[in-house]
Amino acid sequence: MTLTTTQTPGRDKLHAAVAAAMEERILAGQLRVGEKLPSEGDLAREFGVSTRSVREAVQVLETKGLVRRRHGERTTVVRADVSEFLDTLAVTVRQLLRANPHHLTEVMIVRRMIESDVIDLLGTAGKSKLTKVEEALAAMLEAGKREDFASFTAADAAFHQALVDAAGNSVLSIVYNNLHGLVAEVIRVTSSVPTKSYDAAYAEHLEIYNKICSGDLERAKLLMRAHIDNSTEYLKVALDKKDGKHEAAAGQ
């Protein structure tokens, strides 16, 4: 498979073309997890490029988390499915949040987009598919009675994950599952702002669930958007308080 000039407009792009071709093979399952890549020399001959271009292509694949290189060994395929790729994306997002926690508010925008629109997919979902949602609601109610903050926020996050899973879209579930830890962190931070009781927070979730069950999906979507918008405001307050504490500590 020699790369032609029409496939690669510039010599500096040869490695990108090789990387794209190898990535396609991994995604198609032609190269499986644990399998060794051909040697750099063999790949260079196959693609009609230099070993340097092959080496740069492998670096691209490694950056994407598709392969792993070890000194003295052939390169190994380590990623094979969309779940693994999205897990790598989640790590990248976590790194971004560590650099600037205020990006958490952007996560909330992603939540609103996913969770309000996913309700449309629940129109044909039977109540049996909402069992996990009901379990999360029950856990929230019990944790609220005990004033168990950690358990309440965990059940809160589980409620939202269960709604997404009930939609029956496997790719969407994978995307949201990889953001689940971030969502749980957002819920933990926003819930730390003492502006809403356990009963009020539980009631918001219960009303969304009841509207879905009654088939009033438009109202359920409006409630979900309002719920996440309110949580975003709580998050901003919590982050501002956190920044204020840091500034006060720095001034001492």
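- Taking a 4.5 Å side-chain heavy-atom cut-off between Ile, Leu, Val, Met, Phe, Trp and Tyr, the cluster of Met113 extends to Ile109.
- Using a 4.5 Å heavy-atom threshold, the side chains of Val54 and Phe47 count as separate.
- Taking both residues in full, the closest heavy atoms of His227 and Ile208 are given as CB-CD1, 4.3 Å, listed atom of the first, atom of the second, then distance.
- Both Tyr202 and Tyr198 are part of a single hydrophobic cluster, where members link through side-chain heavy atoms under 4.5 Å apart.
- Looking at heavy atoms from C-beta onward, Ile212 lies in side-chain contact with Leu163 at the 4.5 angstrom threshold.
- No side-chain heavy atom of Arg111 sits under 4.5 Å from any side-chain heavy atom of Met224.
- In terms of heavy atoms, Leu137 sits closest to Leu206 at CD2-N, 3.8 Å.
- The minimum heavy-atom distance linking Leu61 with Ala19 is given by the pair CD2-O, 3.5 Å.
- Between Leu37 and Val77 there is a side-chain heavy-atom pair separated by less than 4.5 Å.
- Of the possible polar contacts, one joining the Asn230 side chain to the Ala226 backbone as a donor-acceptor pair under 3.5 Å is found.
- Residues Val18 and Val49 form a side-chain contact, since some pair of their non-hydrogen atoms from C-beta on lies under 4.5 Å apart.
- Atom CD of Glu24 sits in a sparse spot, with 12 or fewer heavy atoms from other residues, nucleotides or ligands closer than 6.0 Å.
- Residues Leu223 and Glu204 fail the side-chain proximity criterion, which asks for heavy atoms closer than 4.5 Å.
- Expressed to the nearest 0.5 Å, how far OG of Ser53 lies from NZ of Lys13 amounts to 12.5 Å.
- Applying the salt bridge (charged side-chain N to carboxylate O under 4.0 Å, His left out) definition to pairs two or more places apart or across chains, those involving residues 138-151 are Glu142-Lys145, Arg146-Asp148.
- Cluster membership check: Leu217 shares its hydrophobic cluster with Val133, using side-chain heavy-atom separations under 4.5 Å among Ile, Leu, Val, Met, Phe, Trp and Tyr.
- Atoms CZ and CD, on Phe159 and Glu135 in that order, are 13.0 Å from each other to the nearest 0.5 Å.
- Looking at Asn169 and Val118, their side chains never come closer than 4.5 Å, going by heavy atoms from C-beta outward.
- Of all the heavy atoms in Arg74 and Pro38, the pair that sits closest is NE-C, 3.9 Å.
- Hydrophobic clustering of Ile, Leu, Val, Met, Phe, Trp and Tyr side chains at less than 4.5 Å, counting indirect connections, unites Leu121 with Val110.
- In terms of heavy-atom proximity, Leu130 sits nearest to Cys213 at CD1-SG, 4.0 Å.
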Decide yes or no on side-chain contact (heavy atoms from CB on, under 4.5 Å) for Val58 and Glu40, but give the supporting numbers first. CA-CA 9 Å; Val58 171; Glu40 290 182 356; 5.6 Å; no

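- The one candidate from Arg69, Lys36, Arg70 that meets the side-chain hydrogen bond (donor to acceptor under 3.5 Å, both in side chains) condition with Thr76 is Lys36.
- Looking only at side-chain heavy atoms (C-beta outward), Glu115 and Ile228 come within less than 4.5 Å of each other.
- Residue Arg52 qualifies as open at atom CZ: its count of foreign heavy atoms under 6.0 Å is 12 or below.
- If you take OG1 on Thr153 and CZ on Phe149, they are separated by 5.0 Å, rounding to the nearest 0.5 Å.
- Glu56 contributes atom CD, which lies 6.5 Å from atom CD of Gln59 (distance to the nearest 0.5 angstrom).
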Please step through side-chain contact (heavy atoms from CB on, under 4.5 Å) for the pair Met22 and Leu43, ending with a clear verdict. CA-CA 10 Å; Met22 297 302 295; Leu43 288 172; 4.0 Å; yes

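- Met140 and Ala201 get closest at one heavy-atom pair: CE-O, 4.3 Å.
- Taken from CG in Asp229 to CE in Met108, the straight-line distance is 8.5 Å, to the nearest 0.5 Å.
- In this structure, CD1 in Ile119 is found 9.5 Å from CD in Glu218, a value given to the nearest 0.5 Å.
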